[in-house]
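Order of the sequence lines sets the chain letters (A, B, ...), proteins ahead of strands, with each chain counted from 1.
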There are 2 protein chains.
Amino acid sequence: MLRAAVARADKAGIESLSMRRLAEELGVVPMALYKHVANKEELLDGMIDVVVGEIDPPVAGAGWKSAVRQRILSARRALLRHPWASQVMESKQNPTPLVLAYMDTMIGLFRAGGFSVNLTHHVMHTIGSRVLGFSQELFNDSSTIDPEVAAAMMRELGPKFPNVLAIATAASHEEASVVGPGCDDQYEFEFALDLLLDGFERLLQRA
Amino acid sequence: MLRAAVARADKAGIESLSMRRLAEELGVVPMALYKHVANKEELLDGMIDVVVGEIDPPVAGAGWKSAVRQRILSARRALLRHPWASQVMESKQNPTPLVLAYMDTMIGLFRAGGFSVNLTHHVMHTIGSRVLGFSQELFNDSSTIDPEVAAAMMRELGPKFPNVLAIATAASHEEASVVGPGCDDQYEFEFALDLLLDGFERLLQRA
DNA sequence: ACCTGAACACCGTTCAAGT
DNA sequence: ACCTGAACACCGTTCAAGT
């Protein structure tokens, strides 16, 4: 049932996942789902745990910086396999025990690296959602946009927003097109992650 | 109508805002709303613009770092006045023209400070949602939690998650209580923001 | 005791009927 | 032409009736 829910969300998007449709897919009556799950919230929790369960454990014998970096990039790979997961995680109020366990080992990596409890606390806040491998892409333009529509939009908005236009055209790999194929999200994610880790290292050395 | 929608979301939460209830509150028939707005998406866009409109313009005559910092903190004050706004902004696919204009001036601050187009691009990705004054608080425990429930939870989970427990108890201002009143979100926000800005400054000097 | 169909209390939006 | 009530196509979940 959890696997069916994850598969459906992967394929058709989280907004297509309703209790009724999931039941239909499984060939059962809607109310049958409530034998396995108290409500939809619990279903979503279970789905999150499937994704978090795919994250590799920390590599042994590495320094804190490398261990944190590799684990976060592993989390990112899991998140990219399940594009709905970041949105669901954001919307939840309470972490599942499995997410808490993930956080706990991540905190442990910092503390083992010599970070004080307080510094680790601040550092975890600074990483924010990136700890789970996603960066709050505000207005995710990465979804399938018609290049012509994008070009028309930029032609219209360009004169009003010259700075946005400058970045949008610079991000394009082909000089010819008005608006490029979007940003290299993986590069941007690692750029930000490394900037953060370097900042943490500096704070650690100062302390 | 927009003001009524914003007021309702401020007061009772975004999940309580439905087209039908908003219409009832305004003393009109549900379909009357569709004279002002094509659909609910457009209503939410309008509500976002109300919030973004409350952000102060950039201060003149300051260096890029100070100008960016002050503007982001102004955005944060606006966001804190409207707790639903961050969630709605996250869920939207496309920015409104007003949000685009905000981004444009923010990009302009970096470029005026000497950042190249490409570096500005990376820097904007690194800031992420913080540019609009909110940090993806994963699992926002800041909401009204019963201290007793939290204490019980920690008592149960503490042994399994010692590192989470260490931070939770350290964050407490009173040593006596098992779990504190949560984190100082404003402090954490500024800590992260300043770490980012310092990192950007270092990149600028290196370039 | 277990299962399940119908029902409840909602949604956002369409559309045809009324003025 | 404008307005609007009813209807449509959904939700998640409750609950009583059936086995």
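For the pair Asn39(B) (side chain) and Glu42(B) (backbone), a donor-acceptor distance under 3.5 Å is present. The main-chain N or O of Ile55(B) is never found under 3.5 Å from a side-chain atom of Ser74(B) such that the two would form a donor-acceptor pair. Of the possible donor and acceptor atoms, none in the side chain of Tyr102(A) sits under 3.5 Å from a partner among the backbone N and O of Leu132(A). With hydrogens and angles ignored, the 3.5 Å screen pairs a side-chain donor or acceptor of Lys92(B) with a backbone N or O of Glu41(B).
To the nearest 0.5 Å, atoms CD1 (Ile167(B)) and CG (Asp104(A)) are separated by 9.0 Å.
Considering every non-hydrogen atom in both Ala9(B) and Met47(B), the closest pair reads CB-CE, 3.8 Å.
Across residues 7-16 of chain A, not one residue has a non-hydrogen atom less than 4.0 Å from an atom of DNA chain C. The stretch residues 26-44 of chain A comes close to DNA chain C through Val29(A), Met31(A), Lys35(A), each having a heavy atom under 4.0 Å from the strand.
Rounded to whole Å, the P atom of dA9(C) lies 22 Å from the corresponding atom of dA9(D). Nucleotides dC8(D) and dG18(C), compared at atom P, are 16 Å apart to the nearest Å.
Atom CD of Gln87(A) has 12 or fewer neighbouring heavy atoms from other residues, nucleotides or ligands inside a 6.0 Å radius. Residue-environment remark: CD (Glu54(B)) exceeds the threshold of 12 foreign heavy atoms within 6.0 Å. Counting heavy-atom neighbours within 6.0 Å of Glu201(A) CD, excluding the residue itself, gives a total above 12. More than 12 heavy atoms of other residues, nucleotides or ligands shown are found within 6.0 angstrom of CD on Gln186(B).
Contacts classified as side chain to side chain donor-acceptor pair (under 3.5 Å) and involving residues 10-21 of chain B (residues at least two apart or in different chains) are given here: Arg8(B)-Ser16(B), Asp10(B)-His82(B), Asp10(B)-Trp84(B).
Stem analysis of DNA chain D (at least three stacked-register Watson-Crick or G-U pairs, each with both distances under 3.5 Å) gives C:4-8 with D:12-16, C:12-16 with D:4-8.
When DNA chain D is scanned in the 5' to 3' direction for atoms under 4.0 Å from non-hydrogen atoms of chain B, the outermost contacting nucleotides are dC3(D) to dA7(D).
Among residues two or more places apart in sequence or in another chain, the side-chain contact (heavy atoms from CB on, under 4.5 Å) test is passed with Leu204(A) by Trp64(A), Phe115(A).
Between Arg77(B) and Asp56(B), at least one side-chain nitrogen of the basic residue sits less than 4.0 Å from a carboxylate oxygen of the acidic one, meeting the salt-bridge criterion.
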